[in-house]
Structure formats: C-alpha cells, structure tokens
Visitor: 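Below is one structure. I have some questions about it.
These numbers were taken from a predicted model, which means no experiment stands behind them. Every chain is numbered from 1 and lettered A, B, ... according to where its sequence line falls, protein lines coming before strand lines. Only this structure's heavy atoms are used, side chains among them; waters, hydrogens and symmetry mates stay out.
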Amino acid sequence: MERFNGQAVNRSQPSVGDNEVFDLDSGYLSSVRACGHHAKQASFFNDMIDVRLLRTEPEAVTAALGRRGVTSAEVEALIAADRSHRELSARRDRLRAQVKEISRQVADARRSADSKLAEQLTARSREFRSEEQALAAEASAQADQLQHLLMMTPNIPASECPEGLSDQDNVVLRQYPETIPPSRECQRVPHWEVGARLGILDLEAGAKMSGSMFPLFKGDGSAMLRALTSFALDHHRDAFLEIRPPTLVRTETMMSTGHLPKFADDAYHLERDDLWAIPTAEVPLASMHRGEILREEDLPELLCAATPCFRREAGSAGRDTRGLLRVHEFEKVELFAFCTPEQAEEVHGDILARAELLIQELGLAYRVLDLCAGDLGAASARTFDLEVYAPGCDRWLEVSSISWCSDYQARRANVRFRSPGGGTAFVHTLNGSALAWARVWAAVIETYRQDDGSVSIPKALRPYMGGRDTIS
RNA sequence: GGAGGGAUGGCAGAGCGGACGAAUGCGAGGCUCUUGAAAAGCCUUGGGGCUGCGGCUCCCGUGGGUUCGAAUCCCACUCCCUCCGCCA
C-alpha cells in the first residue's frame with residue numbers, strides 16, 4: 001500500500017502488530033473476526049471491547065486487560081453485569097411472549113363472541129403485564145449498569161506492547177540522531193526566556209487574558225506557528241484529506257473516542273450548551289462517519305486536520321508549569337485514519353513515518369517510545385510517542401502520540417465497513433499528531449538559538465515565513 | 001429566539017390498533033443461461049437473547065402512558081430538516 005505512504009522514511013519501523021493481533025489462541029482470534037456483525041443495537045452492544053469476548057474468553061480478556069492495570073475484580077463485575085442483564089431480559093421476553101399469546105386468544109374469543117373467556121384472559125394478561133413491567137425496569141437498570149461499566153473499560157492492549165504499568169516502563173525504540181550532539185552554550189536557554197527576550201512569546205499577557213498556561217505568541221512567534229501548520233498540511237496533502245472540523249462537540253462525540261465518561265475532568269465543558277472543547281482533532285474526526293457503513297474500496301480513508309486543542313490538565317497542577325511544557329490551549333495537526341483491520345498495521349507505520357519525517361525536516365533531535373501496556377490511552381491498543389529534545393530546558397518533550405485503536409472507537413461510534421462478501425465489520429481507527437506545535441515551537445526556539453541571541457529559522461519553514469532566515 | 005415537518009432494514013420508502021420483523025424499489029450476495037460480459041430469470045440478504053439446534057422470542061430514534069394487544073394512539077426527551085428573525 002505504497003499509495004498512502006508517499007514519503008517512506010527508513011523502513012526499519014517497528015512491527016506494529018503482526019496478523020496475530022492479540023497474543024492469544026486462534027479461537028480467540030477467530031472470534032474477534034467473526035463478531036463484526038452485531039453493531040445494530042446502539043444501546044449496549046457496540047461499546048468498547050466486544051462483550052462476546054467476555055463470555056467466550058473471560059480468562060484471556062482478564063489477562064489482557066490486567067496488563068494495563070484493570071483488576072480481575074473489575075472484569076468479573078463486567079461479566080456478572082452481562083450475565084445478569086441477559087437473564088433479566090430473557091425473563092422479560094418470556095413474559096412479553098405470554099402477553100402476546102394471550103392477546104391472540106382474546107382476539108379469538110372476541111371473534112367467537114365468548115365474552116366471558118375474553119374477560120378472564122384479559123385479567124390474566126393484565127397480571128402478566130404488570131409483572132413484565134417490573135422486570136423490564138430491572139432489566140433496563142441492569143442494562144444501564146452494564147453500559148456504564150463497558151464505557152469505563154479501556155481497550156485491550158496489543159500483545160506487542162511492552163509490559164509495564166507506568167511511563168517508567170516505556171521502551172525507547174530509537175533515537176535520531178543516534179547520539180544527541182552536546183548542546184552549545186547558546187542553546188542552553190529555556191524557550192520562555194528566549195521568547196520573552198525576542199518579544200515572540202508573552203506568557204504574562206496570556207495569563208492576563210485567560211490565566212496561566214494559556215500562551216500568547218507575538219510577531220514572528222505567531223508567524224512561526226502558522227508556518228508550522230502550513231508546512232505540515234502541505235506535507236500530508238499527497239494522501240490525507242484536509243478537514244477543518246468543529247472544535248466544540250457533543251457528549252456522544254467525546255464518548256466515541258473514549259475521552260468520556262472516565263476523563264471528564266480533563267476536558268473543558270460548556271455547561272450552558274452542553275458542548276465540550278476538543279482535546280484533539282481526533283475527537284471530531286472519529287465521529288465523521290458515526291453510524292455509517294463505509295465501502296471497503298474507500299478504505300483506508302486518511303484525514304488530516306489542524307485545530308486548537310484544549311486540555312484542563314487537571315491533576316497535573318504544579319508540574320511542568322514553566323513556558324510551553326504544559327499548556328491549556330495549543331495547536332496541532334492531526335492525522336486520522338479509518339481502515340480495515342488488515343490495513344491498520346501499515347497505516348500505523350505510515351503515520352509514524354510522517355510524524356518522524358516532519359521532525360527530521362525541522363532538524364530536531366527526537367526519540368521514539370513504544371508505550372507499555374499500562375501507559376496506553378484508554379482507546380489505544382498500541383501507541384508510539386515521539387519526543388523531541390529541547391536543549392534549553394534539557395528535556396524530552398512529547399510532541400506526538402500515534403495510536404492504533406483497533407475497533408474500540410469504531411465500536412463506540414458504530415462505524416463499520418462492508419466487505420465484498422456482503423458482511424459488515426467494524427473498521428479500525430488510528431490517529432497521530434504530526435505534530436503538536438507548542439512544544440515543537442519550544443524545541444525549535446531552543447535548538448536554533450545562536451550565539452548572538454537570535455534564532456535562525458529552520459530551512460523547512462523559511463518558505464512559509466517570507467523567505468526570512470532569522471528571528472532577532 | 002419564533003413557527004412548522006420528520007426519525008422504519010445497506011439506501012430510498014410504504015405501513016396509521018390485531019397473522020408486521022415489516023410491502024415495494026434500488027443496492028449487495030448466490031445460482032441458471034453465456035466463450036466471457038451485459039441483459040434476463042430464480043433464490044438469498046438487519047440485529048440481540050434463549051435453545052432440547054427443530055426452533056422460540058425480543059427489538060420500527062429514546063423513555064413513559066393508553067390497550068387484552070402498539071411501528072401504528074397519547075405524553076416527554078433527543079436528534080435531523082425547512083421557513084422567519086437576529087448576527088459574523
């Protein structure tokens with residue numbers, strides 16, 4: 001599928017899940033494949049991992065989710081809720097069937113003018129009905145409970161994910177350049193100082209308007225942000241369709257990507273209109289085909305969007321508060337794909353390659369991390385992070401996170417495709433930033449700082465900044 | 001903000017109280033015919049749960065109500081569309 005991989009970088013990318021997607025027995029796998037045909041009932045059965053897997057392979061699911069820190073008690077609660085829900089609805093259905101049968105008899109009795117019998121039957125039916133209603137209420141409460149548990153459960157990690165429960169266990173796959181050259185004296189100034197001195201970053205002004213961690217860029221600082229966006233969009237234009245989505249979205253839209261219900265505290269919510277400010281363009285893009293059945297020949301569908309991103313950063317108070325290390329609002333170019341399960345590995349590699357290539361063209365040092373099972377985002381089955389090195393603050397800054405979400409989001413958003421055989425199956429979704437600008441901006445400013453205090457503009461950006469080569 | 005209209009299977013669209021899980025058309029799959037293709041004809045074509053694997057049953061935006069019986073009647077909610085007003 002070279003057609004969507006115009007700029008192959010080195011092909012030594014890691015293997016992102018071979019065909020044995022989950023490292024379990026083949027029965028498990030075939031059940032993964034076989035159960036793509038039941039996405040109709042939007043209420044319970046298309047959320048997160050497949051409920052059927054829970055029934056058929058409870059140990060495998062428990063083990064797989066255990067790798068990312070879900071306790072077996074939690075999985076058991078899920079299984080119990082499912083069982084209880086099925087029992088209740090089966091009983092309810094049996095009662096409904098009886099009511100139905102009786103009403104048929106009523107019709108007969110009426111026809112044969114047997115009003116006494118009709119009377120009796122009616123009375124019995126009423127009893128059944130009230131019993132049915134009680135049971136229906138129970139069943140629906142149980143359904144809500146199951147639904148809730150399902151929505152809270154994260155995706156099953158790919159077997160290739162490194163073991164581990166925290167970011168300590170992430171694996172550095174490679175570094176570029178292999179050995180980071182020692183930074184020169186002039187590079188050892190943090191970007192907030194460089195930015196302030198050159199008048200291109202005014203954190204105080206941003207704080208005045210909106211509070212701390214809302215940066216304000218000025219002059220060439222702002223221009224460089226625009227340049228980065230144009231540079232990236234042009235870069236991906238060969239294969240990715242540019243989208244400018246809304247940045248305020250509904251609750252369902254946030255649910256689909258796995259950002260809700262569990263992580264509500266991380267997002268900005270507009271209470272009056274019940275809309276959420278997107279934390280990433282992945283959110284609206286994943287809902288672009290909500291409820292649709294795509295044609296297999298249209299896959300992979302590759303999308304690209306530049307949007308602002310909003311994050312409350314709750315729970316990280318006091319950490320990384322300097323400069324642009326952690327901000328509430330930043331701009332980002334996001335790549336997103338809908339594809340078949342078979343295409344996913346290649347698309348994942350392609351997005352990673354594109355993000356890497358951008359960093360290389362910007363002349364920044366970076367490394368690629370393979371996130372361990374415990375550090376994955378809720379929706380992801382496998383994630384690679386890209387971190388650029390910022391010599392001024394002497395830190396690695398995460399500027400991209402490239403995730404394969406298998407069918408987790410597709411299930412929640414109910415996005416399927418029809419294969420030539422006629423059947424439907426959930427698509428796979430992938431996303432990755434290419435790239436998140438605030439931190440890239442910081443790394444560029446620090447890396448390109450010169451002895452005289454000016455900052456030279458990376459060659460790749462000069463065409464987008466009127467051909468100039470220096471910010472001074 | 002105001003006034004209307006609508007939500008049914010992959011899509012379009014009928015059904016307006018009793019055999020409707022749902023007509024019809026299109027699409028899709030299979031078969032026949034053909035050197036092949038087209039055309040034509042025949043058949044199949046939503047999903048869940050239970051099951052003694054022969055079936056049974058539930059689901060017509062969501063939730064309530066009326067009724068012996070609801071896709072069909074009533075109420076509420078959600079979403080979509082049209083028109084008017086206001087505004088970039």
Side-chain angles (χ1 to χ4, degrees), chain A residues 31 34-47 50-56 79-148 150-151 244 246-256 272-275 287-299 410-411 413-427:
Chain A
S31 63
C35 59
H37 301 263
H38 57 84
K40 184 64 197 307
Q41 296 226 308
S43 38
F44 336 114
F45 295 106
N46 57 346
D47 317 296
D50 194 331
V51 226
R52 282 191 196 174
L53 275 180
L54 278 175
R55 296 173 200 154
T56 55
I79 292 171
D82 174 51
R83 189 181 304 125
S84 157
H85 171 245
R86 276 186 299 157
E87 274 169 21
L88 287 167
S89 37
R91 277 169 60 199
R92 179 203 58 202
D93 286 356
R94 276 197 295 275
L95 276 171
R96 283 186 184 173
Q98 292 188 51
V99 169
K100 205 170 168 181
E101 172 56 29
I102 292 172
S103 68
R104 256 175 257 161
Q105 293 173 10
V106 170
D108 285 346
R110 289 256 168 95
R111 250 194 298 281
S112 52
D114 188 343
S115 61
K116 206 155 136 207
L117 179 60
E119 203 78 357
Q120 283 174 354
L121 290 168
T122 299
R124 258 181 77 199
S125 175
R126 268 199 262 260
E127 279 174 40
F128 278 125
R129 172 50 80 105
S130 65
E131 208 180 318
E132 184 267 334
Q133 282 185 323
L135 211 46
E138 261 187 87
S140 121
Q142 189 58 52
D144 288 347
Q145 168 68 5
L146 174 60
Q147 163 85 341
H148 177 72
L150 285 170
M151 293 306 275
R244 172 49 238 235
T247 50
L248 297 179
V249 299
R250 292 206 174 102
T251 298
E252 311 136 67
T253 305
M254 288 284 278
M255 287 271 192
S256 294
R272 188 184 170 103
D273 299 288
D274 194 17
L275 289 169
S287 282
M288 209 162 96
H289 295 301
R290 167 132 33 97
E292 291 181 30
I293 297 183
L294 308 177
R295 296 186 311 172
E296 188 175 24
E297 58 264 38
D298 293 336
L299 300 176
R411 226 171 250 291
N414 193 211
V415 184
R416 291 167 290 168
F417 71 99
R418 185 174 297 283
S419 49
T424 60
F426 288 111
V427 300

Visitor: Is there a donor N/O on one and an acceptor N/O on the other, under 3.5 Å, for the side chain of A/Asp93 and the base of B/G48?
Guide: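 Per atom types, the contact qualifies.
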
Visitor: According to the Watson-Crick and G-U wobble definitions, with both distances under 3.5 Å, which nucleotide is paired to B/C87?
Guide: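 Because no pair has both required distances under 3.5 Å, B/C87 counts as unpaired.
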
Visitor: Could you tell me whether A/Arg250 contacts a base, only the sugar-phosphate backbone, or nothing, with contacts defined as non-hydrogen atoms closer than 4.0 Å?
Guide: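 Sugar-phosphate: the residue A/Arg250, judged by heavy atoms under 4.0 Å, touches backbone atoms but no base.
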
Visitor: Under a 3.5 Å cut-off for both distances, is B/G9 Watson-Crick or wobble paired, and to whom?
Guide: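 Here B/G9 is not engaged in any pair, so there is no nucleotide opposite it.
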
Visitor: Base, sugar-phosphate alone, or nothing: which one does A/Arg124 contact when heavy atoms must sit under 4.0 Å apart?
Guide: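 No contact.
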
Visitor: Once you round it to whole Å, what is the distance between P of B/U62 and CG of A/Asn414?
Guide: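 Between P of B/U62 and CG of A/Asn414: 13 Å.
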
Visitor: Any donor-acceptor pair, under 3.5 Å, between the side chain of A/Arg129 and the base of B/U67, if you only look at N and O atoms?
Guide: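 A donor-acceptor contact between them is present.
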
Visitor: Crowded around A/Arg124 CZ? As in, over 12 foreign heavy atoms under 6.0 Å?
Guide: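 Counting neighbours around CZ of A/Arg124, 12 or fewer heavy atoms of other residues, nucleotides or ligands fall under 6.0 Å, so no.
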
Visitor: Compare side-chain N and O positions of A/Arg52 against OP1 and OP2 of B/G48 and report whether any pair is under 4.0 Å apart.
Guide: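 Yes, A/Arg52 has a side-chain N/O under 4.0 Å of OP1/OP2 on B/G48.
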
Visitor: Identify, between A/Ala123 and A/Arg92, the residue whose nearest nucleotide on RNA chain B lies closer to the 5' end.
Guide: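 Nearest-nucleotide comparison on RNA chain B picks A/Arg92.
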
Visitor: Atom CG of A/Asp274 and atom C1' of B/C77: how far apart are they, to the nearest Å?
Guide: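 About 14 Å, once rounded to whole Å.
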
Visitor: For B/G27, which nucleotide is its Watson-Crick or G-U wobble mate, given both distances must be under 3.5 Å?
Guide: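 Checking every strand shown, B/G27 finds its partner in B/U45, with both distances under 3.5 Å.
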
Visitor: Counting only side-chain nitrogens and oxygens, does A/Gln133 get under 4.0 Å of the OP1 or OP2 atom of B/G65?
Guide: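 For B/G65, OP1/OP2 do have a side-chain N/O of A/Gln133 under 4.0 Å.
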
Visitor: Hey, does the side chain of A/Arg126 come within less than 4.0 Å of B/C68's phosphate (OP1/OP2), counting only N and O?
Guide: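 So the side chain of A/Arg126 is within the cut-off, an N or O lying under 4.0 Å from OP1 or OP2 of B/C68.
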
Visitor: According to a strict under-4.0 Å criterion, is A/Arg55 in side-chain N/O contact with OP1 or OP2 of B/G49?
Guide: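 The answer is yes; a side-chain N or O of A/Arg55 sits under 4.0 Å from OP1 or OP2.
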
Visitor: Between A/Met255 (CE) and B/U78 (C1'), how many Å, whole number?
Guide: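 Roughly 14 Å, once rounded to whole Å.
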
Visitor: Among B/C58, B/C50, B/G65, find the nucleotide with the atom closest to the side chain of A/Arg86.
Guide: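 The listed nucleotide nearest to A/Arg86's side chain is B/C50.
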
Visitor: Rounding to an integer number of angstrom, what distance separates B/U67 and B/U78 when you compare their C1' atoms?
Guide: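 Pairwise C1' distance, B/U67 against B/U78, rounds to 27 Å.
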
